[in-house]
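Side chains are part of it too, since the values below use all heavy atoms of this structure and drop only hydrogens, waters and symmetry mates. Keep in mind that this is a model prediction, so the values were computed, not measured.
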Amino acid sequence: MEEPALARRLGTADAVVIGLGSMIGAGVFSAFGPAARAAGAGLLIGLVLAAAIAYCNATASAQLAAVYPTSGGTYIYGRERLGPWWGFVAGWGFVIGKSASCAAMALTFASYAIAGPWWLQRIAAVAAVVALSVLNYRGVTKTAMLARILVACTLIALTALVVGIAVAKPDPSHLTFGVWPTAPLYGVLQSAGLLFFAFAGYARIATMGEEVRDPVRTIPRAITLALGIAVAIYLVVGVAALLAAGPDRLARAAAPLTEAVRAVGATPLVPVVAAGGALAMARNRDLPAWLAAVHPRHRVPHHAEIAIAVIVCILVATVDLRGVIGFSSFGVLIYYAIANAAAYTLPGAGRWARVRDVCGVAGCLLLVATLPWQSVVAGLGMFTVGIVGRAFRVRLRG
């Protein structure tokens, strides 16, 4: 019996909002802390580097999405352009990277929303994952509407943060050129890798080929718009947070944006920023539809929804925030390296496209190599499990 198809309900604005909901979340509210620990004020250089590599990946993904307007993203592109094994590696990287990213969002929600002990924060994070999974299960249209509301609320909170810090007259010495030599190249690269996962929400747009109207036109436009908006927001918020608290104070903070408003004495803004951090779980379904069957009524990959929700809950209960950020970056960087490699093989690509794809692959692999060693070891372990498991299944079928 033929599986029911995903419904084409979303336009460009819907896809941009879903992409922003995937990008403006855990990264802007939590990643500045680990990035400051790695590079100090040099995290701004890391942010620009991460954005440049993300641009190479985004434009390659948009080009591939126009050729293959179907759900699955780089899983499909890798299979079609490089072969089944590369498609599998890309899909596996997407699943483990995005599962960890969802766990990071849940932990960020808990750190901003709950001031109680760590065990209470973990319970709240698990409850949030379950609640949003139930909503996702009910269908993409309801989730897209929620994404609009939550992205708007998050942007309001970030605007209040930036304006409040500016009015409070932060210390400009935190960004004087004297601090830049303290950021070694390795630290800057590691901060770029840690911040990269926050940009990776445009991958969600590329996997919606069967859910958007006119995907050949809509997906490339939505990816470019969403990434450009997210980069601008991250730069403004990053500069404001550094001016307010300085790199050392940010590096020690579990909730860095709350710490930033406290540092300049803008304590009335703490509840606003905390609410924004809690609402940062504005997350659409980060699952490639090839993972499972489509529900005949709700038109969502319901088996995958349940499986990923269980995995994310386990991560939330057992791993700290910095660990899931690094692990997420490992998975998505491998995913995007394969996207650029696949785009390189497209016929008729110009010289700029070839240079872009080489830079994208090299940049992704460089950032992977400079992530915290724990994240690299965990990532290699998970990829080994996936590859060995697939090899075993292939051998049984053969």
Side-chain angles (χ1 to χ4, degrees), residues 23-50 100-101 103-115 118 121-122 125 154 157-158 161-162 165 170-171 174-175 179 182-184 186-200 230 233-264 266 269-270 273-274 276-281 315-316 319-330 367 370-372 374-375:
M23 285 186 278
I24 303 174
V28 75
F29 285 95
S30 63
F32 287 121
R37 198 176 311 149
L43 72 87
L44 293 179
I45 302 175
L47 182 62
V48 172
L49 178 59
S101 183
M105 283 201 157
L107 290 169
T108 299
F109 158 78
S111 66
Y112 278 88
I114 306 295
W118 67 269
Q121 292 183 349
R122 296 299 175 102
T154 302
L158 294 176
L161 165 81
V162 172
I165 290 174
D171 185 358
H174 291 149
L175 286 180
V179 304
T182 65
Y186 181 84
V188 171
L189 292 173
Q190 186 174 109
S191 72
L194 292 169
L195 289 165
F196 182 88
F197 93 103
F199 289 115
I233 292 170
Y234 269 64
L235 282 171
V236 171
V237 173
V239 170
L242 282 169
L243 285 172
D248 293 338
R249 194 163 174 176
L250 284 182
R252 296 190 299 268
L257 298 193
T258 296
E259 191 67 23
V261 296
R262 285 191 178 126
V264 294
L269 285 176
V270 170
V273 176
L279 292 174
M281 286 197 70
L315 288 173
V316 164
V319 184
D320 64 21
L321 181 58
R322 186 170 184 266
V324 293
I325 287 175
F327 186 61
S328 173
S329 293
F330 190 99
L367 296 191
T370 56
L371 286 171
Q374 299 93 332
S375 300

Smallest separation among heavy atoms of [X] and [Y], with atom names:
| X | Y | result |
| --- | --- | --- |
| Ile165 | Ala260 | CD1-CB, 4.2 Å |
| Ala103 | Val324 | CB-CG1, 4.3 Å |
| Leu195 | Gly46 | CD1-C, 4.3 Å |
| Ala241 | Leu257 | CB-CD2, 4.1 Å |
| Tyr234 | Met23 | OH-O, 2.7 Å |

Distance, nearest 0.5 Å, that separates CG of Leu47 from CG of Leu235 | 4.5 Å

Enter the distance from Leu242:CG to Leu43:CG here, rounded to the nearest 0.5 Å.
-> 4.5 Å

Verify, without hydrogens or angle tests, whether Ser191 (side chain) and Val188 (backbone) share a donor-acceptor contact under 3.5 angstrom.
-> yes

Flag, side chain of Ser329 to backbone of Ile325, donor-acceptor distance under 3.5 Å = yes

Using side chain to side chain contact (heavy atoms under 4.5 Å, CB included) as the criterion, list what pairs up with Ala192, not counting sequence neighbours.
-> Leu49, Ala50, Leu367

Flag the pair [X] / [Y] as yes when at least one side-chain heavy-atom distance between them is below 4.5 Å, and no otherwise.
| X | Y | answer |
| --- | --- | --- |
| Val239 | Val162 | no |
| Leu194 | Ser375 | no |
| Thr258 | Phe29 | no |
| Thr154 | Leu158 | yes |

Any salt bridge (Lys or Arg N to Asp or Glu O under 4.0 Å) involving residues 233-249? Give me the pairs, sequence neighbours left out, ordered by first then second residue.
-> Arg249-Glu259

